[in-house]
Amino acid sequence: MNMQKSAHKIKAWFRKYPLMISVCYMIFYLAVFHWLEENIVPKYIIQCWLDDLIPFCEVFIIPYIFWFPYIIGSFLWFNHRGWEDYKKLCQTIFSGLTICLVIYYVFPTGLNLRLASQPHETGALYNLVVMLRAIDTPTNVCPSVHVMNTVMVFQAVCSLDNLKHRRLTIAAHFIIMILICASTVLLDQHSVIDVACGAMMSFVIHGLVYKVEWKTELSRKKEKERGYYSRRA
């Protein structure tokens, strides 16, 4: 009985201070991720032929770094919208991050980062890339957390009801998503394989949390598009 009361109090406290759910989970996630970085040696190097075709472009350090305030801002925004929207975002992202931790432990991956070519070896943006690589080691790369969480936020935004300025908001998040995902490969921080795995994980987990039936959803969208074009004709 005492345990039930304690559990009820904890649940009520988190409902009163919902952002503490994110804070507590991130403390757990960062602690485990740091342990993995220190103790797990990569056994599998991730690379494919497409990686060799993608040029290095240090300007994409801007959207790559922007990911950090973007994710934090998304939690704040969803929390402002209400408990249900915030809860689903937490379930989606925290489930994905937890699965990633398990994958990094069972299937430790790494990446052979390519050095930037000579013209890119000076300048403020390149210096930021150097600083980033000193902090963000080329380990635990598949799936890409950058990609997975960004796509999850975009999908969550698309699933919102009564979204003000819907088209503009979705378009803005879509552009941000594309830039962040592109930055992971244009900075040689991730392989195309990492990006694909991160995106696939986001679709699977989003479907489970939001109870999306993809076949039904795609059919509905096709019917809507056909109706739209028939009206224009």
Side-chain angles (χ1 to χ4, degrees), residues 3 6-7 10-11 13-14 17-48 51 61 63-76 78-79 86-114 128-153 156 180-181 183-185 187-206 208-209:
M3 290 184 64
S6 298
I10 292 172
K11 186 176 180 180
W13 187 79
F14 277 123
Y17 306 103
L19 287 176
M20 292 305 298
I21 297 174
S22 302
V23 173
C24 291
Y25 179 83
M26 288 313 301
I27 292 173
F28 159 78
Y29 173 81
L30 291 173
V32 177
F33 187 82
H34 177 72
W35 184 89
L36 290 171
E37 291 276 286
E38 294 293 323
N39 296 278
I40 302 299
V41 178
K43 295 181 180 178
Y44 308 97
I45 300 300
I46 306 297
Q47 191 168 355
C48 70
D51 298 327
I61 188 65
Y64 191 89
I65 294 177
F66 177 71
W67 176 83
F68 295 95
Y70 175 66
I71 295 299
I72 294 172
S74 296
F75 277 104
L76 294 174
F78 273 78
N79 177 60
Y86 175 74
K87 180 180 71 173
K88 286 185 176 180
L89 182 70
C90 288
Q91 289 174 336
T92 305
I93 289 184
F94 297 161
S95 296
L97 291 176
T98 304
I99 293 172
C100 283
L101 291 175
V102 175
I103 292 174
Y104 297 157
Y105 180 77
V106 176
F107 190 75
T109 54
L111 190 72
N112 287 329
L113 292 176
R114 298 186 297 273
L128 283 175
V129 175
V130 173
M131 292 172 59
L132 171 67
R133 290 183 177 179
I135 300 170
D136 190 4
T137 61
T139 57
N140 301 323
V141 294
C142 187
S144 167
V145 168
H146 252 65
V147 171
M148 182 187 69
N149 286 354
T150 306
V151 177
M152 284 176 170
V153 170
I180 291 175
C181 291
S183 72
T184 62
V185 291
L187 292 178
D188 300 333
Q189 290 295 108
H190 283 282
S191 165
V192 172
I193 296 173
D194 306 332
V195 173
C197 291
M200 285 189 292
M201 275 193 62
S202 66
F203 275 94
V204 172
I205 296 173
H206 175 82
L208 292 173
V209 172

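Please read these numbers as outputs of a predicted model, since none were measured by experiment.
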A.B. asks: Is there side-chain contact between K87 and I21, with heavy atoms separated by less than 4.5 Å?
C.D. replies: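 When only atoms from C-beta onward are counted, I21 and K87 do not touch, as no gap falls below 4.5 Å.
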A.B. asks: Check whether any side-chain heavy atom of L187 sits under 4.5 Å from a side-chain heavy atom of V129, and report yes or no.
C.D. replies: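 Yes, close enough: below the 4.5 Å cut-off.
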A.B. asks: Report yes if the side chains of V209 and L89 come closer than 4.5 Å at any heavy-atom pair, otherwise no.
C.D. replies: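 The answer is no; the side chains never approach within 4.5 Å.
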A.B. asks: Might you work through the ring-ring contact (aromatic ring centres under 6.0 Å, His included) test for Y104 and Y29, ending with a clear yes or no?
C.D. replies: CA-CA 12 Å; Y104 297 157; Y29 173 81; 8.1 Å; no
A.B. asks: Can you name the closest pair of heavy atoms from Y64 and H146 and give their distance?
C.D. replies: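 Y64 and H146 have their closest heavy atoms at O-NE2, 3.1 Å.
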A.B. asks: Specify the closest pair of heavy atoms between V195 and C181, including all atoms of both residues, with the distance to one decimal.
C.D. replies: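 Looking at all heavy atoms of both residues, the closest pair is CG2-O, 4.4 Å.
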A.B. asks: Indicate the atoms forming the closest heavy-atom contact of A156 with H206, along with that distance.
C.D. replies: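 Scanning both residues, the minimum pair turns out to be N-CE1, 4.2 Å.
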A.B. asks: Please tell me if the side chains of L132 and I65 come closer than 4.5 Å, counting only heavy atoms from C-beta onward.
C.D. replies: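 L132 does not reach I65 side chain to side chain.
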A.B. asks: Can you find a pair of side-chain heavy atoms, one from F94 and one from F28, that are under 4.5 Å apart?
C.D. replies: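 Contact flag for F94/F28 side chains = no.
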A.B. asks: Using the rule side chain to side chain contact (heavy atoms under 4.5 Å, CB included), only one of C90, P18, S22 pairs with N79; which is it?
C.D. replies: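 Filter result, single survivor: P18.
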A.B. asks: Quick one: does S191's side chain get under 4.5 Å of V141's, heavy atoms only?
C.D. replies: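 When only atoms from C-beta onward are counted, V141 and S191 do not touch, as no gap falls below 4.5 Å.
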A.B. asks: In terms of side-chain heavy atoms, does Q47 have a donor or acceptor partner in N112 at a distance below 3.5 Å?
C.D. replies: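 Looking only at side-chain atoms, N112 and Q47 do not form any donor-acceptor pair under 3.5 Å.
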A.B. asks: Would you say the side chain of M148 lies within less than 4.5 Å of the side chain of I99, judging by non-hydrogen atoms?
C.D. replies: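 They are not in contact (no side-chain heavy atoms under 4.5 Å apart), so the answer is no.
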A.B. asks: Measure across E37 and N140 and return the closest heavy-atom pair with its distance rounded to 0.1 Å.
C.D. replies: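 Closest pair (atom of E37, atom of N140, distance): OE2-ND2, 2.9 Å.
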A.B. asks: With under 30° as parallel and over 60° as perpendicular, where do the rings of Y86 and F75 fit, or are they tilted in between?
C.D. replies: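 If you compare the ring of Y86 with that of F75, the planes turn out perpendicular.
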A.B. asks: With a 4.5 Å limit on heavy-atom distance, are the side chains of V145 and W67 in contact?
C.D. replies: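 Yes, close enough: below the 4.5 Å cut-off.
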